[in-house]
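Residue numbers start at 1 and run along the sequence shown. We count ligands from 1, going down the list as the structure has it; atoms in each ligand are counted the same way.
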Amino acid sequence: MLRMVNVGHKSLADYHSIISRELMAEIRELAAAVQGVRVCHVNATSFGGGVAEIMYSLVPLMNDVGLRADWKVMFGREEFFNVTKAMHNALQGDERGITEDERRIFERYNVLNAGGLDGEYDVMIIHDPQPAGIRQHSPLSESAKWVWRCHIDLSTPNPDVLEFLRPMICAHDMTVFHMAQYVPSGDIPDPVIMPPAIDPLAPKNMALSAEDSAYIVNQFGLDAERPLILQVSRFDPWKDPLGVIDAYRVVKRRYPGIQLALVGSMATDDPEGWDFYNRTVDYADGDPDIYILSNLNNVGGVEVNAFQTHAAVVLQKSIREGFGLTVTEGLWKARPTIGGNVGGIPLQIVDGQTGWLVNSPDECADRILRVLDDPEEARTMARRGKQHVRHDFLTPRYLRDWLGVINRLVN
Ligand code: UDP
């Protein structure tokens, strides 16, 4: 019923040259106190989007330091994911709520998944709203502790949908949010703040030479000699790919050679993706310098890495954003990075220091021009951005934070 995801192996020791000795020691100490603790993560998809991305590193590292961690993906059909996408939009502030019918569909699938959940665990970590109702219906032993891990911005939610969700959240022992301002007001069990992180050793983030990345980008038909603006993200209105195209068009007037790549995989739990993909293609209006690519063009982790390493400017022009791992990824590659001034992006981009924060397509175009006009300044900022990521947003720090939480829950 729920599907176990095979995540392979990773070794914390491989990170010793990337992170500080203090952090490594802290992880070892926290891990020593939770050896053999059985942990199960549950989420809605093993492919596409930030949550899946994080899990492929976190779960094997949890196992490497001595936990017994599993990752299970809940079962759902299109009718369920249509509801959860509407909920997701509403929780990020969309006025459209969810109907009685949709509530029933949501509950039916959560009851079904609760029934299908087996195994013995000490700590259950439930990611995002889709499986949030499992706890209430689960037959698993009462001794297990349940954590609800929220990856989205709940600071200005549609109140009806938040209240629908609240009793489910409150059935957990603890909650985890990216940022303090994401914790909704009212009753929320024991909120802990923990921003996510990227894995510097994953194919998506490992060091790639300029030659190799240019070669890969060239395979997709782009001209590696001409500058490239890049945005990597799901085809979703909140990511504002149309605004990105507007900004690109302004830049094109001064830099006629500029190219734009919009790279976006289709997540299996995002039925709106195709609609918005088509809208984006229409909006690009056949411009031969705009490349719209997806996993259907075989853009996997290494290819995303190559695009990010090669880009003259990395954008994440979101108008709502949970955290924005693509920003972390761009900064880690020391690329000039421009992001929407929303959600977790300002945690990562200190405006004018490690990149630029923007509030409109025009501002975005202005900052892109600035990067192209003064590459030296842009490089200096990008190097600072990389240091910021090294310190705060790499997987070992995230692992340490989780070990802290698990210690609190079981000891
Ligand atoms: N991603 C990818 N291929 C794509 C689009 C996105 O690998 O075509 C990855 C991207 O590199 C990042 C994650 O999916 O690691 C997206 O996470 P983010 O926090 O930016 O956004 P979310 O999708 O979770 O809203």
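- Distances below 4.0 Å separate heavy atoms of G324 from the following atoms of ligand 1: 19 (O), 20 (O).
- Between W274 and Y277, the ring planes are perpendicular. Angles over 60° get that label, and only those under 30° would be called parallel.
- By the 3.5 Å distance cut-off applied to N or O atoms, G50 is counted among the residues near ligand 1.
- By the 3.5 Å distance cut-off applied to N or O atoms, S233 is not counted among the residues near ligand 1.
- Those atoms of ligand 1 with a heavy atom of K204 less than 4.0 angstrom away are 1 (N), 2 (C), 7 (O), 9 (C), 10 (C), 11 (O), 15 (O).
- Put simply, the side chain of R335 never gets that close to the backbone of G330: no donor and acceptor are under 3.5 Å apart.
- Counted by atom type alone, Q130 and Y109 present zero donor-acceptor pairs between their side chains at under 3.5 Å.
- When only non-hydrogen protein atoms are considered, atom 8 (O) of ligand 1 lies nearest to S265 N, 2.5 Å.
- Taking Y291 as the reference, nothing meets the ring-ring contact (aromatic ring centres under 6.0 Å, His included) condition, with sequence neighbours excluded.
- For atom 23 (O) of ligand 1, the nearest non-hydrogen atom of the protein is R234 NE, 2.7 Å.
- Heavy atoms of G264 approach ligand 1 to within less than 4.0 angstrom.
- Ring planes of H172 and W146: perpendicular class, angle over 60° (limits at 30 and 60°).
- Every residue two or more places apart in sequence or in another chain that forms a salt bridge (Lys or Arg N to Asp or Glu O under 4.0 Å) with D240 is listed here: K317.
- The pair R254-D373 meets the salt-bridge criterion, since a charged nitrogen lies less than 4.0 angstrom from a carboxylate oxygen.
- Annotation for ligand 1: atoms under 4.0 Å from non-hydrogen atoms of T326 are 10 (C), 12 (C), 20 (O).
- Every N/O-N/O distance between V304 and ligand 1 stays at or above 3.5 Å.
- If you check which protein heavy atom lies closest to atom 19 (O) of ligand 1, you get L325 N, 2.9 Å.
- The pair R104-E107 does not count as a salt bridge, with every side-chain nitrogen at least 4.0 angstrom from each carboxylate oxygen.
- No hydrogens or angles considered: a donor-acceptor pair under 3.5 Å links the side chains of S155 and D153.
- From the protein, the heavy atom lying nearest to atom 21 (O) of ligand 1 is K239 NZ, 3.1 Å.
- Only side-chain heavy atoms of E329 come within less than 4.0 Å of ligand 1; its backbone N, CA, C and O stay farther off.
- Here the heavy atom of the protein found nearest to atom 6 (C) of ligand 1 is V232 CG1, 3.7 Å.
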